[in-house]
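For reference, the structure I am asking about is given below.
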2 protein chains.
Amino acid sequence: MRKKITLKQIARELDVSISTVSKALKNSKEISADTIQKVQAFAKLYNYRPNNIALSLKNKKTNTIGIIIPEIVHHFFSKVIRGVELVANNRGYNVIIGLSNESFSKEVINMEMLANGSIDGFILSMSKETLQQQDYHHYNETMNQGMPIVMFDRVVSEIKCDKVIVDDFNGAKNAVQKLISNKCKHIALITTRDYVSVGRLRTQGYLQALEENKITPQAELILKMDDTLDYEVHLEKLEGEIEQLFMAHKEIDAVFAVNELYALSAMKVARRMGLNVPNDIQVIGFTDGVLSKHSTPSLTTVSQHAQLMGERAADLLIDKIEKEFETEEEQFQTVVINTELVERDSTK
Amino acid sequence: MRKKITLKQIARELDVSISTVSKALKNSKEISADTIQKVQAFAKLYNYRPNNIALSLKNKKTNTIGIIIPEIVHHFFSKVIRGVELVANNRGYNVIIGLSNESFSKEVINMEMLANGSIDGFILSMSKETLQQQDYHHYNETMNQGMPIVMFDRVVSEIKCDKVIVDDFNGAKNAVQKLISNKCKHIALITTRDYVSVGRLRTQGYLQALEENKITPQAELILKMDDTLDYEVHLEKLEGEIEQLFMAHKEIDAVFAVNELYALSAMKVARRMGLNVPNDIQVIGFTDGVLSKHSTPSLTTVSQHAQLMGERAADLLIDKIEKEFETEEEQFQTVVINTELVERDSTK
DNA sequence: GAAAGTCACGAAAACGTTTGCGTGTTAAAA
DNA sequence: TTTTAACACGCAAACGTTTTCGTGACTTTC
């Protein structure tokens with residue numbers, strides 16, 4: 001087992017100094033051609049590679065970015081990661097991940113683990129618990145120490161940093177507008193409680209679309225689910241509530257759901273009740289998921305371009321990391337990613 | 001903006017030496033109670049945290065493990081990551097990810113990026129391209145440098161290292177046995193070409209189950225797809241081939257597919273042909289995916305316990321990292337994760 | 001033949017830690 | 001009073017780099 005070789009060992013073998021070796025490997029003109037050749041040959045033979053940790057310490061730069069997300073087994077987040085990784089790698093950075101599992105304390109612990117020199121900056125999406133507790137001190141402390149942060153998707157205005165968000169409002173509005181254009185008169189909304197900003201914005205988009213078409217929103221057509229529950233587990237509860245809604249309002253001819261699973265459940269319930277999608281009832285979901293594409297009928301959705309979000313977030317972060325000195329006052333930007341309505345078979 | 005504080009700065013402020021500060025923070029009995037109190041109070045006030053990079057350099061230990069996978073937007077792999085992250089975090093490690101995107105060269109580059117001191121060990125699953133080229137030099141070189149590797153799922157016997165694999169053979173065998181027990185006589189197999197070990201093993205399990213039940217395998221009932229194609233994109237081609245198979249062999253009363261999407265496509269084609277699942281034709285897939293659970297009818301699958309695989313891999317790796325000195329000769333183990341048949345509505 | 005310049009290399013500091021050992025001061029034992 | 005021991009702390013090396021500066025040997029110039 002040949003351990004990794006260091007400059008010191010090369011120097012000793014070749015009977016020169018460490019600095020000579022270092023310079024020779026960089027083709028410094030301080031070093032004679034002879035020595036350069038000798039050193040490089042030896043280095044190649046032993047497959048010398050500079051130790052990253054030593055470089056990081058010396059340069060005060062790790063070339064690594066940290067990404068903290070609530071959950072990785074989730075199509076949206078894994079696509080974001082892919083986008084981040086893509087850009088990061090192209091620009092010479094590694095990506096280190098932390099999962100908050102939607103927990104405030106895990107988020108804090110994870111950030112502290114990484115903030116002590118391991119990375120040059122953060123890309124993160126807040127956990128639901130953090131959103132609920134509205135305790136943002138850890139973000140501010142991290143930024144105060146000079147560590148840049150880019151937030152995506154789940155953001156709050158209280159935190160001043162770069163952000164990448166989806167145009168939830170218009171995405172929802174356009175989806176509902178589509179349903180209205182398709183002659184739907186009674187459009188139900190299946191959404192989450194309001195503390196998650198994205199849920200709130202999508203709800204507002206829904207209301208706006210109705211208003212612009214002079215349709216009076218009916219509170220009874222809006223189903224607000226408690227998504228602190230792991231909805232994968234609480235499918236029956238979800239379906240039960242949807243069924244009640246459909247039973248009580250036979251006039252419903254369309255559903256807009258703020259995520260994929262809600263939409264899928266709506267379709268399932270509809271089918272069970274003998275309703276045909278899209279003829280009796282049209283459905284649109286919100287997300288990039290794999291379910292929409294492969295369900296029957298396939299689901300029309302509002303695509304969030306998750307991978308693009310990751311790419312933009314990474315670019316934003318690395319730009320900030322590499323901008324040597326801040327030009328006067330800190331300047332933050334918010335990138336808005338446009339959504340796209342992907343029409344499939346659950347609408348006409 | 002208060003930059004991170006260091007021992008040196010604390011030492012200067014408090015007019016003591018760096019070593020005194022370091023020892024005081026560790027409650028060394030070399031240091032007087034007075035000084036300890038003073039130093040700790042100051043450190044707390046300024047929120048001192050030791051710099052990870054400096055520690056890594058000193059200890060020659062990063063407390064970080066690298067995971068390299070072919071693709072992250074994939075339910076199986078993201079579940080594995082979750083398992084790795086869970087165990088790693090509990091044992092005080094961070095996780096850094098690299099995506100090979102099924103490419104040999106990206107796999108090599110990624111490994112080289114991380115192998116130069118950034119991590120203490122690897123967890124990885126081979127890219128398809130590497131499997132095809134059968135070029136494993138980068139694994140062996142990495143291990144020669146004393147960096148432990150744990151492989152999972154896609155492994156080859158040529159590489160000597162710890163492994164975590166799924167019992168593909170028995171998983172497939174049991175699934176097919178289930179179909180046979182359900183009175184199926186003509187069971188089709190939809191699989192991949194043989195170079196991916198897992199596909200080969202599943203095929204063998206299928207054959208073994210037939211043999212044990214004195215059923216003669218028919219080559220015409222076996223459909224081998226070329227999965228170098230991104231099958232998400234080539235859905236139509238996939239469905240076309242399945243349709244041909246079904247048309248040519250109306251006697252088919254069951255399908256065993258080596259992944260989720262093949263199974264789903266089979267169901268879709270069957271439905272299109274007016275066949276009822278599971279009454280006319282029963283279907284079993286292989287994987288942990290989210291699609292199986294939410295399809296209609298929901299799909300009976302062979303669960304691989306992806307998260308458990310990640311957990312076991314992480315434990316194996318960290319055990320090896322922390323085992324100070326190898327007991328004489330290197331000893332490698334292979335952990336086999338048992339599969340589980342999750343029965344849903346696509347079988348009787 | 002002396003002054004100036006060029007060349008090729010080495011010493012040392014720095015990044016932020018930890019830790020073995022040396023040392024000056026004071027208190028206790030002889 | 002002298003010797004010894006305990007105490008509280010600082011020095012310096014080490015991890016692996018990079019880079020500035022210094023220096024000895026040789027070559028060129030007048």
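The figures that follow rest on heavy atoms only: side chains count, while hydrogens, waters and symmetry mates do not. So that the names make sense, note that chain A is the first sequence line, chain B the second, and so on, each numbered from 1.
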In whole angstrom, give the distance that lies between atom NZ of A/Lys61 and atom P of D/dT17.
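One finds 18 Å between P of D/dT17 and NZ of A/Lys61, rounded.
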A/Thr130-A/Glu107 side chain donor-acceptor pair, cut-off 3.5 Å
yes
Just jot down the salt bridge (Lys or Arg N to Asp or Glu O under 4.0 Å) partners of B/Lys61, sequence neighbours excluded, or say none.
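B/Lys61 satisfies salt bridge (Lys or Arg N to Asp or Glu O under 4.0 Å) with B/Asp120 only.
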Taking OP1 and OP2 of D/dC7, is either one under 4.0 Å from a side-chain nitrogen or oxygen of B/Ser32?
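No, outside the criterion.
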Let me know the distance between CG of A/Asn27 and C1' of D/dT18, rounded to the nearest Å.
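The answer, rounded to whole Å, is 16 Å.
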So what does B/Ser56 touch, heavy atoms closer than 4.0 Å: a base, only the sugar-phosphate, or nothing?
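Result for B/Ser56 = nothing.
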Taking atom types as modelled and ignoring hydrogens, do the side chains of B/Thr20 and B/Ser17 form a donor-acceptor contact shorter than 3.5 angstrom?
yes
Going by distance alone, is a donor N or O of one side chain under 3.5 Å from an acceptor N or O of the other, for A/Ser32 and A/Thr35?
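There is such a pair between these side chains.
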Whole-Å gap separating P (C/dC9) and CD1 (A/Ile36):
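One finds 9 Å between P of C/dC9 and CD1 of A/Ile36, rounded.
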Would you kindly give the CD1-to-P distance between A/Ile10 and D/dT17, to the nearest whole Å?
8 Å
Euclidean distance, atom CG of residue A/Asp34 to atom C1' of C/dC9 [Å, nearest integer]
13 Å
Passes side-chain contact (heavy atoms from CB on, under 4.5 Å), B/Val164 versus B/Met151? Steps please.
CA-CA 6 Å; B/Val164 179; B/Met151 306 190 69; over 6 Å; no
Classify every nucleotide of nucleotides 13-20 of chain C by which part a protein heavy atom approaches to under 4.0 Å, writing B for the base, S for the sugar-phosphate alone and - for neither, in 5'-to-3' order.
-BBBBBBB
With side-chain contact (heavy atoms from CB on, under 4.5 Å) as the test, would you mind laying out the steps for B/Ile69 and B/Ile97 before giving the verdict?
CA-CA 8 Å; B/Ile69 52 174; B/Ile97 61 165; over 6 Å; no
No-hydrogen, no-angle side-chain donor-acceptor test under 3.5 Å, B/Asp153 and B/Ser125
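No, no side-chain donor-acceptor contact under 3.5 Å.
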Using five pairs at either end of the helix from C/dG1-D/dC30 to C/dA30-D/dT1, determine the angle between the two local helix axes and round it to 10 degrees.
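One end axis against the other gives 70°.
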Can you see whether B/Gln145 engages B/Glu141 through a side-chain donor-acceptor pair at a distance of less than 3.5 angstrom?
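Side chains of B/Gln145 and B/Glu141: no pair found under 3.5 Å.
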